[in-house]
There are 2 protein chains.
Amino acid sequence: MRSENNPAGQKRSFIEEARRAQIVAAAIDTIAEVGYPNASLARIAEEAGVSKGVISYHFAGKDELMDQLVTGVYTEIAESVVPRLLAQDNAADMLRAHVRGVAAYALEHRSRMAALAQIFIHALRPDGSPRYGAGESEPLYESLEGLYREGQRSGEFRDFDVRAMAVTQQSATDGMFEYWRVHPDHDLMAHAAELGEQLVRATRAD
Amino acid sequence: MRSENNPAGQKRSFIEEARRAQIVAAAIDTIAEVGYPNASLARIAEEAGVSKGVISYHFAGKDELMDQLVTGVYTEIAESVVPRLLAQDNAADMLRAHVRGVAAYALEHRSRMAALAQIFIHALRPDGSPRYGAGESEPLYESLEGLYREGQRSGEFRDFDVRAMAVTQQSATDGMFEYWRVHPDHDLMAHAAELGEQLVRATRAD
DNA sequence: TTATTTTCTGACCGCATGGCCAGAATCTAA
DNA sequence: TTAGATTCTGGCCATGCGGTCAGAAAATAA
């Protein structure tokens with residue numbers, strides 16, 4: 001049995017890694033297609049073309065599957081967006097690059113972003129509090145506040161409440177993706193450009 | 001049996017109205033407390049202090065219960081916010097009044113707003129599309145676009161995309177409430193003032 | 001009072017879920 | 001070839017869901 005807890009980076013066989021990746025990919029496609037609440041393990045297994053027990057064999061449970069998925073996509077987004085940020089030389093352009101970078105990633109990896117947004121919104125702890133969203137620990141979220149403070153220090157941004165602004169940017173971005181998920185023909189990049197402009201105007205000193 | 005469809009305003013007995021109101025109130029408290037996905041009919045019935053069958057007796061199903069709840073709270077919000085809007089004489093102040101008005105309502109009727117936000121986010125149609133949110137038919141949503149256009153016509157607002165701005169305002173407001181739901185000690189009115197300022201700066205001509 | 005309608009209860013149904021597991025199949029190594 | 005570890009299958013389990021229903025209880029009418 002491979003699904004014992006794996007606290008220290010226990011070596012995993014090649015085939016095991018491959019299966020895990022395959023299942024995560026199937027979970028992404030399933031969630032993007034039918035939404036998180038309808039993405040049962042049975043449907044994910046069917047999408048992956050394996051039996052349901054395989055998921056239980058390779059993952060401790062649905063939660064670990066979701067953790068894996070979220071971590072993987074988060075990392076990929078960061079790897080795609082951070083270089084774009086570093087290429088900018090002022091806070092306003094970094095803000096624009098952030099929004100457009102995430103949108104560009106979403107355009108290229110539609111189902112991954114859709115799945116992430118679904119999990120972000122729908123995955124709850126037993127007590128009803130969100131499992132991933134609305135906290136203060138997500139990497140993207142923290143990086144926003146750092147960006148704002150940097151702009152404030154340089155005098156480029158006005159002296160707004162960084163927490164409120166981060167909540168606004170985060171949820172406005174999520175809202176943009178959700179709108180795009182429901183209206184697939186919506187022009188995402190144009191919307192992202194608009195949102196970038198909104199944020200620049202909301203933050204800049206004047 | 002009273003739960004037959006009631007298309008033309010069939011007269012309902014006093015006790016029936018009272019029961020319906022009681023159940024809706026219990027649904028609001030339950031959803032606000034444990035979140036929509038955990039708010040089963042059994043839990044709502046328990047909260048109301050009646051047996052589960054009573055809900056089925058007075059409502060055609062869970063969907064009708066939610067419709068009733070959403071409609072009721074929406075109406076109450078509109079009655080509370082619209083007068084504040086009409087008291088303003090320019091678009092920017094109306095924007096601020098809108099955000100602060102909704103926040104003030106939320107502060108006074110915390111669980112109603114929390115329940116509404118939960119339903120907005122989590123209630124799905126069988127095909128996975130949102131049942132209330134992210135469409136273009138909700139009263140609050142439509143009124144936003146009208147407000148923007150009015151400001152643009154008067155020259156007070158710049159020429160932004162009203163759809164993108166409405167999505168931003170709607171989701172930023174929802175995000176604010178969700179953050180407040182998870183962090184009850186958060187200063188909602190201060191956040192609302194910040195959000196109002198953000199929106200005014202994002203929309204105004206210059 | 002009795003007869004009738006309205007309201008309520010608690011048990012039950014079919015279904016889907018996440019998870020579990022005995023045994024079969026497959027791969028690996030001696 | 002053979003023994004042992006790994007991986008997979010398909011059925012099973014307990015749980016909780018929304019919804020239904022026969023019959024008890026309560027309110028109302030005659």
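Predicted, not measured: the structure shown is a model, and the values here were computed from it. Each chain gets a letter, A, B and so on, in the order its sequence line appears, and its residues count up from 1.
Side-chain N or O atoms of B:Arg20 include one that pairs as donor or acceptor with a backbone N or O of B:His58 at under 3.5 Å.
Regarding contacts with the backbone of C:dT7, a side-chain N or O of B:Tyr57 is found under 4.0 angstrom from either OP1 or OP2. Neither OP1 nor OP2 of D:dT6 sits under 4.0 Å from any side-chain N or O of A:His58. Applying the 4.0 Å criterion to OP1 and OP2 of D:dC8, one finds that A:Arg19 has a side-chain N or O inside that range.
Partners of B:Glu197 by side-chain hydrogen bond (donor to acceptor under 3.5 Å, both in side chains), not counting sequence neighbours, listed by chain and number: B:Arg96, B:Arg201. Taking A:Ala202 as the reference, A:Met165, B:Gln198 meet the side-chain contact (heavy atoms from CB on, under 4.5 Å) condition, with sequence neighbours excluded. With sequence neighbours excluded, the residues forming a side-chain contact (heavy atoms from CB on, under 4.5 Å) with B:Leu188 are B:Ala103, B:Ala106, B:Leu107, B:Met176, B:Phe177, B:Trp180, listed by chain and number. Not counting sequence neighbours, the partners of A:Arg125 by the side-chain hydrogen bond (donor to acceptor under 3.5 Å, both in side chains) test are A:Ser129.
We find that CD1 of A:Ile23 is positioned 8 Å from P of D:dC8, with the value rounded to whole Å. When the P atom of C:dT6 is taken as reference, atom CZ of B:Arg20 falls 16 Å away, rounded to whole Å. If you measure from atom CG of A:Asp63 to atom C1' of C:dG18, you get 10 Å, rounded to the nearest angstrom. For B:Ile55 and C:dT7, the CD1 to C1' distance is 15 Å, given to the nearest whole Å. Remark: P of C:dG19 and CZ of A:Phe59 are 12 Å apart, rounded to the nearest angstrom.
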Set out, line by line, the N/O atom pairs under 3.5 Å between protein and nucleotides 11-15 of chain C.
none

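Of the candidates C:dC20, C:dC8, D:dG19, the closest approach to any side-chain atom of B:Val54 belongs to C:dC8.
Contact check of residues 29-47 of chain A against DNA chain D (heavy atom, cut-off under 4.0 Å) returns no residues at all.
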List the atom pairs, donor and acceptor, that lie under 3.5 Å between side-chain atoms in residues 78-86 of chain B and the rest of the protein, sequence neighbours left out.
none

Donor-acceptor pairs are to be reported for all side-chain atoms of residues 39-54 of chain A against protein atoms at under 3.5 Å, with residues two or more places apart or in another chain.
residue, atom, partner, partner atom, Å
A:Ser40, OG, A:Arg43, N, 3.3
A:Ser51, OG, A:Gly53, N, 3.3

When the side chains of residues 111-121 of chain B are checked against the rest of the protein, which donor-acceptor pairs come out under 3.5 Å, sequence neighbours left out?
residue, atom, partner, partner atom, Å
B:Arg112, NH1, B:Glu76, OE1, 2.9
B:Arg112, NH1, B:Glu76, OE2, 2.8
B:Gln118, OE1, B:Tyr36, N, 2.7
B:Gln118, OE1, B:His122, ND1, 3.4

Is there a side chain to side chain donor-acceptor pair (under 3.5 Å) between A:Tyr57 and A:Arg19? Walk through the geometry before answering.
CA-CA 10 Å; A:Tyr57 178 73; A:Arg19 268 280 176 276; over 6 Å; no
